[in-house]
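Read through the structure below, which is laid out as structure tokens, and then see the notes.
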Amino acid sequence: MAPPGWHPGGVVGRLLNHRMIAGQLTAAGAAIRPGRRAIDVGAGAGARSRVLSQAGMHVIALEPDAREAARLRASLGRRIDVIEAPLVPGTLPRDQADLVLAWHVLEHLPDVDAALAEMAGALAPGGRLVLAVPNAASLESRLFGGRWHGWEPARHRWHFRAHVLRRLLAGVGLDAIDVRVAGGWAMPTSLAYSLAPRLDHQLHPGHRGWSLGLVAAVAPFAAAARLARHGSQLVAVATFSAPVAEPDAARCDVARR
């Protein structure tokens, strides 16, 4: 059993998780600044929304699952705006967000192109879309084959490689696209659950303590894969640049005179 305060629901666990997520998002390229507007797509119970809100950002959290949305409202409902809805055309406010975050969301969605277009359309000029997906070209995927945790056939509809992700982002009008190979999710859980699928606490909650121990044990191996650019996760950052306005012909003519 984990020491008091160290389990994920404990005070110390929550603090460490908060700091870890903040560092993860900052490293990914999410510009977290007070007063800016952020949309957290697939917010879940609100771990990332909480980090953004506590940094002084105005946050809209989109979550289609009713139970997760209820948890989100209970914990953060007075500090953020919660939209309980799937990501479909017309869901998000247009041209407003400085940051749209989709952390391990894209692989679950039925229509990737429509989802990316909706997220891109929500960005204000200069705004960033930051997303993460499992890396289908990772060392883990090759070593474990069909046993790799990142496939998750019961939940994941799509699997991405870096060049595919770049093409998809460019296809919805985004630029300054950077796709990097990173490590596992919050911790090297992908490697741990590939080795022992039954320890995945999302599917088997009773094994949480053991799963955290295995995650800690495999951390050095996951770190080595990440440093070798073969990590289990892809992180992409893309920017919406406003189109340059065409010069007004009449104004130019007046200026020349």
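These numbers were taken from a predicted model, which means no experiment stands behind them.
Remark: the E107 side chain and the W158 side chain contain no N/O donor-acceptor pair separated by less than 3.5 Å.
We find the CG-CZ distance between D65 and R71 to be 9.5 Å, quoted to the nearest 0.5 Å. Going from atom CG of D98 over to atom CD1 of I39 covers 10.0 Å, rounded to the nearest 0.5 Å. Put simply, CZ on R128 and CG on L174 are 12.5 Å apart, with the number rounded to the nearest 0.5 Å. Taking CD1 of I83 as the start and CD of E63 as the end, the distance is 11.5 Å to the nearest 0.5 Å. Distance check: Q96 CD to H58 NE2 gives 11.5 Å after rounding to the nearest 0.5 Å. Put simply, CG on L62 and CG on L101 are 12.0 Å apart, with the number rounded to the nearest 0.5 Å.
Proximity of S75 to R50: side-chain heavy atoms (C-beta onward) are separated by under 4.5 Å at one or more points. Contact annotation: the side chain of F240 approaches that of P125 to within less than 4.5 Å [non-hydrogen atoms, C-beta and beyond]. Using a 4.5 Å heavy-atom threshold, the side chains of P93 and I60 count as touching. Contact check for L169 versus L129: side-chain heavy atoms found under the 4.5 Å cut-off. You'll find the side chain of V237 stays beyond 4.5 Å of the side chain of L131, heavy atoms only. Using a 4.5 Å cut-off on side-chain heavy atoms (C-beta onward), Q54 and R79 make contact. Between I32 and L25 the shortest side-chain heavy-atom distance falls below 4.5 Å. By the 4.5 Å heavy-atom criterion applied to side chains, Q233 and H104 are counted as neighbours.
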Query raised in the report: So W103 and V130, side chain to side chain contact (heavy atoms under 4.5 Å, CB included) or not? Walk me through it.
Result: CA-CA 8 Å; W103 207 257; V130 177; 4.1 Å; yes
**Report entry** CA sep, side-chain torsions, deciding dist, call: L123, V100, side chain to side chain contact (heavy atoms under 4.5 Å, CB included)
**Finding:** CA-CA 7 Å; L123 291 170; V100 173; 3.6 Å; yes
Query raised in the report: After noting the C-alpha distance and the side-chain angles of H156 and W151, does the key distance pass the ring-ring contact (aromatic ring centres under 6.0 Å, His included) rule?
Result: CA-CA 7 Å; H156 293 178; W151 299 127; 9.4 Å; no
Report task. Using the side chain to side chain donor-acceptor pair (under 3.5 Å) rule, take D175 and T239 through it: C-alpha gap first, then chi angles, then the decisive distance, then the call. Result -> CA-CA 5 Å; D175 51 25; T239 303; 5.1 Å; no
Report task. Determine, stepwise, if the pair L52 / L99 fulfils side chain to side chain contact (heavy atoms under 4.5 Å, CB included). Result -> CA-CA 10 Å; L52 299 175; L99 169 67; 4.1 Å; yes
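The two residues W148 and S232 come nearest to each other via the heavy atoms CZ2-O, 4.0 Å. Taking every heavy atom of both residues into account, V105 and G42 meet most closely at CG2-CA, 3.9 Å. Considering every non-hydrogen atom in both L72 and A61, the closest pair reads CD2-CB, 3.5 Å. Annotation for S49 and I80: closest pair CB-CD1, 4.1 Å, computed over non-hydrogen atoms. Contact between E84 and P64 at its shortest, heavy atoms only, is CG-O, 4.3 Å.
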Side-chain donor-acceptor pairs of residues 108-121 under 3.5 Å, sequence neighbours excluded:
from: H108; atom 1: ND1; to: R155; atom 2: O; distance (Å): 3.3
from: D111; atom 1: OD1; to: D113; atom 2: N; distance (Å): 3.3
from: D111; atom 1: OD1; to: A114; atom 2: N; distance (Å): 3.0
from: E118; atom 1: OE1; to: G90; atom 2: N; distance (Å): 3.1
from: E118; atom 1: OE2; to: G90; atom 2: N; distance (Å): 3.2
from: E118; atom 1: OE2; to: T91; atom 2: N; distance (Å): 3.0
from: E118; atom 1: OE2; to: L92; atom 2: N; distance (Å): 2.8

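Applying the salt bridge (Lys or Arg N to Asp or Glu O under 4.0 Å) criterion to D178, with sequence neighbours excluded, gives R180.
Between the N135 side chain and the L234 main chain, no donor and acceptor come within less than 3.5 Å of each other.
The 12-atom threshold is not exceeded at CZ of R161, counting heavy atoms of other residues, nucleotides or ligands nearer than 6.0 Å.
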